[in-house]
A.B. asks: 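Mind looking over this structure? Questions follow.
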Amino acid sequence: MGALKMIQRVETPHKVVAMTFDDGPNPIYTLKVLDLFREVSGKATFFMIGRHMVEYPEIVEAVVTQGHEIGNHTYSHAKLTFLNESDCLQEIQQTDKIITNLTGMKSTVFRPPYLDYNHGVVLLVKRLGYRMIGALNTDALDWEQPGVDYIIEKTRSHISSGSILLFHDGFGDRSQTIEAVKILISELCLQGYQLVTVSDLLRLAEEEKK
Ligand SMILES: [Zn+2]
């Protein structure tokens with residue numbers, strides 16, 4: 001079931017990396033992430049929670065206007081394997097509709113909260129037109145605020161062409177994440193990496209196969 005697993009990286013000869021930000025939109029930290037990416041003309045992917053999107057539609061708009069991608073991260077950040085099929089469907093579909101309503105675009109990338117999923121979730125996500133997106137640097141634990149240096153060091157070891165990296169711009173104090181991402185972005189740019197959205201990364205990898 002290779003294609004049904006979460007995608008954590010892609011094969012590509014291009015020096016591209018996809019940074020992703022979960023749990024927003026957030027009135028403080030999402031905007032800080034946007035500033036960092038604007039400085040280097042990079043693009044990011046934001047896996048947003050539906051009920052936060054409803055609360056901060058103007059931030060959703062800013063993210064889209066600046067050319068970033070929005071991914072589905074459920075409506076209430078539920079642990080999907082605890083839900084029955086119809087509740088699970090509701091969590092994903094409700095946010096799918098919110099994204100379409102606010103952005104005029106269909107989202108095609110999904111990340112399950114807590115990276116928690118089972119076969120049923122996989123099938124449902126696929127049926128709704130999504131790819132399941134994981135990340136390589138889950139050991140960086142940025143959501144636990146382990147220290148800026150810790151986040152940077154753990155993340156560094158996962159950086160290569162085609163990497164997908166996980167960070168958080170929502171829930172709680174994200175200042176360590178912002179500081180770490182700021183430093184990582186400047187390192188990546190110095191090394192000649194381009195920061196792209198997850199969909200761009202997937203597209204690059206698929207073009208390579210042709
Ligand atoms: Zn999350």
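Order of appearance sets the numbers: ligands from 1, and atoms from 1 within every ligand. Predicted model, so just to flag it, every value in this text is computed and none were measured.
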A.B. asks: Scan for side chain to side chain donor-acceptor pair (under 3.5 Å) pairs involving residues 163-174, sequence neighbours excluded, and state none if there are none.
C.D. replies: Tyr29-Asp173, Thr30-Asp169, Asp142-His168, Asp173-Ser175
A.B. asks: By residue and atom, what protein N/O/S atoms are less than 2.8 Å from the Zn ion (ligand 1)?
C.D. replies: Asp23 OD1, His73 NE2, His77 NE2
A.B. asks: Below 4.5 Å, heavy atoms only, C-beta onward: do Val33 and His68 meet side chain to side chain?
C.D. replies: no
A.B. asks: How would you list all residue pairs meeting side chain to side chain donor-acceptor pair (under 3.5 Å) that involve residues 190-206, not counting sequence neighbours?
C.D. replies: Glu69-Ser199, Arg131-Glu206, Thr197-Asp200, Asp200-Arg203
A.B. asks: With Asn137 as reference, evaluate Thr155, Ile151, Leu184 under the side-chain contact (heavy atoms from CB on, under 4.5 Å) test and give the passing residue.
C.D. replies: Thr155
A.B. asks: Distance-only check: which donor-acceptor pairs under 3.5 Å involve side-chain atoms of residues 52-62, not counting sequence neighbours?
C.D. replies:
unit_1	atom_1	unit_2	atom_2	d
His52	ND1	Asp23	O	2.9

A.B. asks: Check Phe47, Phe46, Phe171, Trp143 against Phe21 for a ring-ring contact (aromatic ring centres under 6.0 Å, His included) and give me the one that passes.
C.D. replies: Phe46
